[in-house]
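Note sheet for the following structure.
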Number of protein chains: 2
Amino acid sequence: MSPQRRFKDSAYEQLARIGKSLAAPKRVELLDLLAQGPRTVEALAELSALSVANTSQHLKVLREASLVSREKQGLYGVYRLADAQVSRFVGTLRRLAHARLPELAEVTHAYFETRDTIDPVDGPELLRRVRRGEVTVLDVRPHDEYLHEHIPGARSIPLDELRARLGELSECQEIVAYCRGPYCVMAADAVTLLRKRGFVAHRIDEGVSDWRARGWRVTQGAESA
Amino acid sequence: MSPQRRFKDSAYEQLARIGKSLAAPKRVELLDLLAQGPRTVEALAELSALSVANTSQHLKVLREASLVSREKQGLYGVYRLADAQVSRFVGTLRRLAHARLPELAEVTHAYFETRDTIDPVDGPELLRRVRRGEVTVLDVRPHDEYLHEHIPGARSIPLDELRARLGELSECQEIVAYCRGPYCVMAADAVTLLRKRGFVAHRIDEGVSDWRARGWRVTQGAESA
DNA sequence: CAAGTATTCAATTGATTACTTAAATAGTCC
DNA sequence: GGACTATTTAAGTAATCAATTGAATACTTG
């Protein structure tokens with residue numbers, strides 16, 4: 001075998017390491033979850049409906065492909081995406097899949113069809129409308145994910161607190177809800193609830209990492225008044 | 001199992017179809033080759049050092065993931081990338097792998113180390129220098145790949161004709177050679193040969209699809225004088 | 001140091017995968 | 001129609017993979 005061939009084989013073998021990481025549906029889901037912020041193994045197992053041991057194994061694969069990193073914090077191992085480039089890459093994968101695989105469009109359409117339609121997001125325009133007081137942007141993810149990173153000016157009301165905290169929302173303002181991304185159903189559930197209670201509510205189907213990937217600013221930590 | 005869970009599972013299963021396509025090194029190589037232009041199965045088998053039957057099977061996988069399309073031309077089946085988005089995606093994969101996997105950088109460095117260093121490309125600047133007559137951009141790929149798509153103003157001299165056609169090149173001009181991409185060695189071989197003959201020669205390690213992905217213009221067909 | 005907890009590891013299972021060889025299709029050209 | 005060609009399919013094999021189970025590791029807290 002020629003040295004050239006050997007070189008090519010080893011180069012493409014490296015590329016395929018990343019490919020292999022994305023070859024298992026659950027691993028892609030784990031990457032999507034980690035795009036919301038750092039998580040322990042147990043939390044990831046819970047969120048992805050995997051056993052803890054199995055989650056640990058998938059994370060090992062991702063770690064060996066350098067897509068995630070682990071930080072030992074005492075008893076816990078906290079995993080996070082190795083790099084913002086990784087979440088951008090997963091976004092690229094998702095857009096390619098949506099463009100090329102009609103089945104994916106069908107699946108998402110079938111699930112959300114009866115509930116709402118989503119409009120393409122224009123970030124700067126949305127922020128202007130927030131500043132003018134026309135719109136409330138609502139982050140319905142768990143609060144810690146909001147703290148990790150959120151759309152500027154968004155309010156945090158986790159989905160499971162929404163019913164109890166409806167009073168905090170003004171009925172005069174349109175509400176735009178978002179959650180983890182297009183395969184997360186929390187924002188859609190929120191919109192359903194809000195509409196039932198008389199609000200004008202819409203959904204953004206993109207998550208914070210998509211927002212960031214579009215080059216729009218995100219806020220970390222709490223909202224400074 | 002909840003309908004939510006079922007939805008997520010089927011959505012991520014679709015994403016993983018693309019992932020699985022990239023899980024075999026040879027399939028990534030095939031995509032890279034197809035980024036140079038349409039190819040028959042036999043040609044791809046030759047270029048990727050696979051058996052014809054095996055190549056056909058890999059192509060079937062890629063076709064089922066909608067990454068490539070096939071057009072039957074009489075006796076031949078001609079494969080091509082389904083979409084420019086696909087080659088952009090492979091480029092993204094490559095950049096991610098280079099950023100995250102030190103092994104890949106090592107492998108490429110080890111192979112090219114003794115031969116040349118590559119400078120980052122500034123397309124517009126390169127084209128200006130071509131227009132001023134300071135530089136010749138040399139496309140050393142097979143002529144049909146040049147015809148499919150090439151860097152504007154580039155001259156086509158396939159690597160295996162280069163030795164015989166050195167007379168066509170002016171010794172007063174710097175030569176910048178390119179080929180299929182960073183894992184293709186033709187440009188490096190060309191530079192080695194040219195330097196031995198007294199030329200000032202450099203290499204671009206990106207291919208035409210990377211050039212296009214950067215938003216720079218490419219030329220299809222022959223160069224119009 | 002003992003009990004408890006979060007995570008990883010090891011061994012096993014059944015399923016999938018890449019590749020080979022050989023046969024089957026489907027088209028071309030005399 | 002028969003020989004030839006390019007490609008696909010089928011069958012078989014060895015290797016790899018995802019998931020399960022149960023044990024092992026490593027850290028914390030009393």
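Basis for what follows: all heavy atoms, side chains included, without hydrogens, waters or symmetry-related copies. Protein chains get the first letters and strands the later ones, always in sequence-line order, with residue 1 at the start of each. Everything numeric in this text was worked out from a predicted model, so none of it was measured.
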Handout entry: Ion pair check, B/E29 and A/R5, cut-off under 4.0 Å
Key = yes
Problem - B/D210/B/R214 salt bridge by N-O under 4.0 Å criterion - result: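 So B/R214 does not pair with B/D210 through a salt bridge.
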Exercise for the section: Using the closest heavy atom to pick a nucleotide of DNA chain D for each, name whichever of B/E42 or A/S51 lands nearer the 5' end. Expected result: B/E42
Problem - First of A/Q73 and A/A24 reached from the 5' end of DNA chain D, by closest nucleotide - result: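 Closer to the 5' end of DNA chain D: A/A24.
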Handout entry: Ring centre gap for A/Y111 and A/Y183 strictly below 6.0 Å
Key = no
Completion exercise
In whole angstroms, the gap separating P of C/dA6 from CG of A/L44 amounts to 14 Å
Problem - Integer-rounded Å distance: C/dT17 C1' and B/E64 CD - result: 13 Å
Choosing from [options], which nucleotide comes nearest the side chain of [X]?
X     : options              : value
B/Y76 : D/dT7, C/dA6, C/dG27 : D/dT7
B/L75 : D/dT7, C/dA26, C/dT7 : C/dA26
A/V52 : C/dA18, C/dT8, D/dT8 : C/dT8

Handout entry: Any donor-acceptor pair under 3.5 Å from B/R180 side chain to B/M186 backbone
Key =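 Not at all, since once roles are kept as given, no pair shorter than 3.5 Å links the two residues.
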Problem - Backbone of B/A187 reached by a side-chain donor or acceptor of B/R203 within 3.5 Å - result: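 Not at all, since once roles are kept as given, no pair shorter than 3.5 Å links the two residues.
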Pull out every protein N or O sitting under 3.5 Å from an N or O of nucleotides 9-16 of chain C, one pair per line with the distance.
residue	atom	partner	partner atom	Å
C/dA10	N6	A/Q57	OE1	3.4

Practice task
Name the nucleic acid region contacted by A/T55, choosing base, sugar-phosphate or nothing; use a 4.0 angstrom heavy-atom cut-off, strictly under.
Solution key: nothing
Problem - More than 12 heavy atoms from other groups under 6.0 Å of CD on B/E161 - result: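 Counting other residues, nucleotides and ligands, CD of B/E161 exceeds 12 neighbours.
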